[in-house]
Structure formats: C-alpha cells, structure tokens
Amino acid sequence: MDLKAALLVMSIMVASATPASPAAPVPGVHGLRGNTEVNRSNSSSPSGHFSNHSSLQNSLSPENLTGYLLEGFRAFAKALGMESAFNETTRSGEFAKSKNCLCIFDVDRTLTGKQGDTRRCPANKVVGGYDDAYGGGEVTLSHLGQYVWGTWCGQECHIRGISAHHRARPNIPVPQNVLSCNRGCKAEKARKMAEELGIRKSQVYMFDDKASNIRPFHGTGMNAHQISCSTRDGDHGLCGATTREVRREKGVSTCR
C-alpha cells in the first residue's frame, strides 16, 4: 500500500470511530505526542513515541481519543513529508468540518499541577513519569490535564501545546509541539500554527497559567486567557487549571 493510501485508511478509521462506552478507559494508550519543535534551536524532532507509562488510558475516554490519535497521525505524516496529503484526506466529512478553530495550551501548572501534591490539589492525578519543572517529581495532571479532550476545544478544535520548558514530559495528553518558548515567543508561534492550519486569528485561543505569557497577545487579533487562577504558587499556578476555565471568549484576559 502506498503511503497516501495508508494515510487515507488511518484517517477514515479515526474519523469514523464511534465509541461504545464513552466513560470507559482506553486500554494500551500511553502518552502519544506529536512533532516537537525546540524553539532555541528552531529544529523539529518527529516523534510517534509511546511512553512506558499506562496512566493515560484513564485520562482519555474513547470519545476523546479521536482527536488525540488524529494529531499523532498528523505528526507521523509530517515526519514523512506527507502532511499535505494527510490534510487532503481529512478535509471532508463531519470530523474535519468542525476543525475551524485552534486551542493552544501551556503545559506546566496548566495541564499539570505541583508534582505529587494531591493534598492541596485533590482533583489532580499522579500519572507517573519524571517531570523536572519547578523542582521536579512525578508527572501530575491537573483537572484540565485529565479532561482536556472533553472540553469544547477537544471536541471542535485543533489542539496544540507550547511550553517554556526545554523538554517534553511523558504522559502529557496534548502534543507538545513547541518547547523553550516563553512570553512573546508563544504569541508568534501561535500565529504560525494558525497560518499552517488555515485558521483565522480570531479563532485562535491560548490558555496559560502565567500573565506574562498572555499579555503579548494584545493587539494580535488572537484570543488568550490566563487560567489556573484559583490556586497560585507565586507567579504561576499551583494545582493547574480546571476545565471550566477553558472559556470560548474573545479578547485577552488575566486572573487579575
């Protein structure tokens, strides 16, 4: 089978998947992440990596798995130099029609919370794998990190990740597309992502726990909101974000 046909088959399989039990965990799904760009070197490293940790099987329900796998297949196609062919195969159908928006999430203290702290953050979940940000410890997903694919972003939009950290962590439930990117860099990378996907700037939504990463979106035409507002640890989040903070609102806003 040639590569274009293979991509078409994968696309149809993913786009037509119908879950039998939306609440059931997905066995055997472990930390798939897409193409990762390290900003400091402006290089990309294609990866279809599956981590050794099994925790994501409990954080992705079958109904949310479709978008997650599709982003992984997209990264695979990009690594093969066939992203345009992949996009052609997924442009038609109900699944593709809904992808007219882009949600971008920060990782640390947005999709994650303070490592191992489920006493102050009882809604968080320790999922394993080492996370060396902010002192280090086991990867601990925030409420949003556990259920991000169940939000309107996960159901209707492309999802991407931009992190200030220099390395991708295991068991993070969104593609960690850009690393080592902070402040104004996030706004610039968001603009480029939107251009590549053909998304209008008015349909781009950035979510981050730090106000310093949100303010540069002023005047860009894109939307950006600071989240992880209810629990703070200095200038960044403590427990991370909750799903209810992912608002489909226009403009730029911070916690205070």
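Every heavy atom of this structure was used, including side-chain atoms; hydrogens, water molecules and symmetry mates were not.
Taking hydrophobic clusters as Ile, Leu, Val, Met, Phe, Trp and Tyr residues chained together by side-chain heavy-atom distances below 4.5 Å, I172 shares a cluster with W149.
At least one donor-acceptor pair under 3.5 Å links the side chain of H143 to the backbone N or O of T243. Although no hydrogens or angles enter the test, the distance criterion places no donor-acceptor pair under 3.5 Å between the side chain of S228 and the main chain of Q226.
For E156 and R248, the salt-bridge test passes: some basic side-chain N is under 4.0 Å from an acidic carboxylate O. Using a cut-off of 4.0 Å between Lys/Arg side-chain N and Asp/Glu carboxylate O, K192 and E196 are scored as not salt-bridged.
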Subject >> Full working for side chain to side chain contact (heavy atoms under 4.5 Å, CB included) between V107 and R169 >> reply: CA-CA 9 Å; V107 176; R169 269 62 55 81; 3.9 Å; yes
**OP:** Using the side chain to side chain contact (heavy atoms under 4.5 Å, CB included) rule, take D131 and D108 through it: C-alpha gap first, then chi angles, then the decisive distance, then the call.
**Re:** CA-CA 9 Å; D131 178 4; D108 298 309; 4.1 Å; yes
**OP:** Before giving the answer on side chain to side chain contact (heavy atoms under 4.5 Å, CB included), spell out for F105 and L144 the whole-Å C-alpha distance, their side-chain angles and the decisive distance to 0.1 Å.
**Re:** CA-CA 10 Å; F105 292 93; L144 176 60; 3.9 Å; yes
Original post:
disulfide bond (SG atoms under 2.5 Å apart) between C239 and C121: does it pass, once the steps are laid out?
Top reply: CA-CA 5 Å; C239 297; C121 309; 2.0 Å; yes
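A donor-acceptor pair shorter than 3.5 Å can be found between the side chains of D132 and H165. For the residue pair S180 / H166, no side-chain donor-acceptor distance below 3.5 Å is found, with atom types taken as modelled.
Disulfide check for C103/C157 fails, with the SG atoms at least 2.5 Å apart.
The CG atom of D106 sits 8.5 Å away from the CD1 atom of I214 when rounded to the nearest 0.5 Å.
For the side chain to side chain donor-acceptor pair (under 3.5 Å) criterion with D233, the lone passing option out of R109, R120, K114 is R109.
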